[in-house]
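Model, not experiment: these values are computed from the prediction. Residues take their numbers from the sequence shown, with the count starting at 1.
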Amino acid sequence: MSIEPGTLYVVATPIGNLEDITRRALEVLAQVDVVLAEDTRHSARLLRAYRIRTPTESLHDHNERRATPALIDRLRAGQTMALVSDAGTPLICDPGYHLVSCARKAGVKTVPVPGPCALTCALSVAGLPSDRFCFEGFLPARRAARQTRLTELTSEPRTLIFYEAPHRAEQCLSDLASAFGSDRFASVARELTKVFEEVVSGTLSELLEWSRSSDDHRKGEFVILVGGAPAAARREELGDGERILRVLLEELPLSKAVRVAARLTGIKRNRLYERAVTLAQPFGSE
């Protein structure tokens, strides 16, 4: 393949097993002028494994905004660059958003080189609905903020996906069980594609017991997936809001009925809209 001058390539790299990299990714990494790495020491291991000698430069959370203007100037002058993170697809809970955003605004061509991503890897083997899902990334580190966010997600019908650090995994599972109910089905994937890869499924209470049963179960990076809220639970949460919504839908267009119902009940508009669409297809049917 040929590398185009003045192009920023966003390159996905393995999340564990170094063999999980595409031929195209290797060709890009070998041919660009520089590899922008979240941690150059970490990326050096991958580059050495494939005998790639392209120079690397650091681009991480602490220097990205400062470094971006000069990088854009170099790209516009014709340099080619590959952006990589420590593992997986850049920008997915990793640095790179500011650079990519500025590059596109500056008219710099940005090209994705797809590959591994922990969230899709975990979702593919979790045994949970995968047609629609909601990626939340890392929850707040402070417990009060984390519990507040989980409360906002209790009626989310899609499969929920979270990343979590090993030292907070057990507490996260405990908070999930408290917010969603201990019998909500979920899955934990840790050390994906690595030697000690493990994917465990069960209710949140079962997964919490599993995490407490061995110190090994609290090691490695975690992807936690939780089944969406059952339809009955979502209807129950609406309470009088659904009754009001039904009445309004008899007199008003759907969008206006939702807007008025949200003002009257305090229930979030997107939650009411979701229910209104169901009620209107056709009106009153389930």
Side-chain angles (χ1 to χ4, degrees), residues 1-122 124 137 163 165 189-197 219-223:
M1 65 171 291
S2 59
I3 297 295
E4 297 184 54
T7 301
L8 173 64
Y9 294 88
V10 182
V11 182
T13 55
I15 60 176
N17 191 320
L18 292 184
E19 295 182 7
D20 293 335
I21 190 165
T22 66
R23 181 180 298 176
R24 181 178 174 218
L26 292 174
E27 291 178 352
V28 169
L29 293 174
Q31 294 181 46
V32 292
D33 295 313
V34 64
V35 174
L36 304 174
E38 183 179 1
D39 184 333
T40 56
R41 295 166 301 179
H42 186 94
S43 297
R45 178 169 168 256
L46 173 67
L47 299 179
R48 280 197 305 268
Y50 289 98
R51 299 178 182 176
I52 295 172
R53 296 179 174 82
T54 305
T56 60
E57 296 179 15
S58 294
L59 190 78
H60 46 70
D61 286 330
H62 303 294
N63 76 344
E64 183 178 356
R65 287 187 175 273
R66 183 175 68 254
T68 289
L71 293 173
I72 297 297
D73 287 344
R74 290 162 59 186
L75 284 161
R76 295 178 74 175
Q79 279 199 3
T80 54
M81 300 180 182
L83 172 67
V84 301
S85 62
D86 285 349
T89 301
L91 281 72
I92 308 300
C93 287
D94 281 323
Y97 165 73
H98 185 69
L99 173 63
V100 171
S101 177
C102 290
R104 295 198 65 82
K105 290 175 183 176
V108 172
K109 186 172 183 179
T110 54
V111 175
V113 182
C117 181
L119 77 94
T120 52
C121 180
S124 70
Y163 284 171
R190 69 178 192 91
E191 294 289 84
L192 286 169
T193 78
K194 299 176 184 176
V195 174
F196 299 106
E197 175 182 278
K219 296 178 180 178
E221 297 302 314
F222 282 74
V223 183

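Minimum heavy-atom separation, Val84 to Ser43: CG2-OG, 3.8 Å. The two residues Gly137 and Cys93 make their nearest non-hydrogen contact at CA-SG, 3.7 Å. Heavy-atom minimum distance, Ala12 versus Pro114: CB-C, 3.9 Å. The two residues Asp61 and Pro95 come nearest to each other via the heavy atoms OD1-CG, 3.5 Å.
Partners of Glu191 by side chain to side chain contact (heavy atoms under 4.5 Å, CB included), not counting sequence neighbours, listed by chain and number: Lys194. Arg41 is linked by a salt bridge (charged side-chain N to carboxylate O under 4.0 Å, His left out) to Asp39, counting only residues two or more places apart in sequence or in another chain. Lys219 is linked by a side-chain hydrogen bond (donor to acceptor under 3.5 Å, both in side chains) to Asp216, counting only residues two or more places apart in sequence or in another chain. Residues that satisfy the side-chain hydrogen bond (donor to acceptor under 3.5 Å, both in side chains) test with His42, not counting sequence neighbours, are absent from this structure.
The main-chain N or O of Cys121 is found under 3.5 Å from a side-chain atom of Ser124 such that the two form a donor-acceptor pair.
At least one side-chain heavy atom of His98 sits under 4.5 Å from a side-chain heavy atom of Thr68. In this structure, the side chains of Val100 and Leu83 come closer than 4.5 Å at one or more pairs of heavy atoms. For the pair Thr120/Cys117, a side-chain contact is recorded, criterion being any heavy-atom separation below 4.5 Å from C-beta on. No side-chain heavy atom of Val111 sits under 4.5 Å from any side-chain heavy atom of Val10.
A distance of 6.5 Å separates CG of Leu36 from CG of Leu99, quoted to the nearest 0.5 Å. In this structure, the separation between CG on Leu59 and CZ on Arg65 is 11.5 Å, given to the nearest 0.5 Å. Taking CZ of Phe222 as the start and CG of Leu192 as the end, the distance is 10.5 Å to the nearest 0.5 Å. One distance of note links CD1 of Ile72 with CE of Met81; it measures 8.0 Å at 0.5 Å rounding. A distance of 4.5 Å separates CD1 in Ile21 from CG in Leu46, rounded to the nearest 0.5 Å.
Residue pairs satisfying the side chain to side chain donor-acceptor pair (under 3.5 Å) criterion with at least one member in residues 104-113, sequence neighbours excluded, are listed as follows: Glu4-Lys109, Arg104-Thr110. The list of side chain to side chain donor-acceptor pair (under 3.5 Å) pairs with a residue in residues 69-91, not counting sequence neighbours, reads Asp33-Thr80, Glu57-Arg74, Arg74-Gln79, Ser85-Asp94. Each salt bridge (charged side-chain N to carboxylate O under 4.0 Å, His left out) pair with one or both residues in residues 19-32, not counting sequence neighbours, would appear here, but there are none.
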Sequence neighbours left out, cut at 3.5 Å: what donor-acceptor pairs do the side chains of residues 48-56 make with other protein atoms?
from  : atom 1 : to    : atom 2 : distance (Å)
Tyr50 : OH     : Leu18 : O      : 2.8
Thr54 : OG1    : Leu29 : O      : 2.6
Thr54 : OG1    : Ala30 : O      : 3.4

Query raised in the report: Val108 and Thr7: side-chain contact (heavy atoms from CB on, under 4.5 Å), yes or no, with the steps?
Result: CA-CA 6 Å; Val108 172; Thr7 301; over 6 Å; no
Query raised in the report: Are Val32 and Tyr9 close enough, and set up right, to give a side-chain contact (heavy atoms from CB on, under 4.5 Å), and what steps lead you there?
Result: CA-CA 9 Å; Val32 292; Tyr9 294 88; 3.9 Å; yes
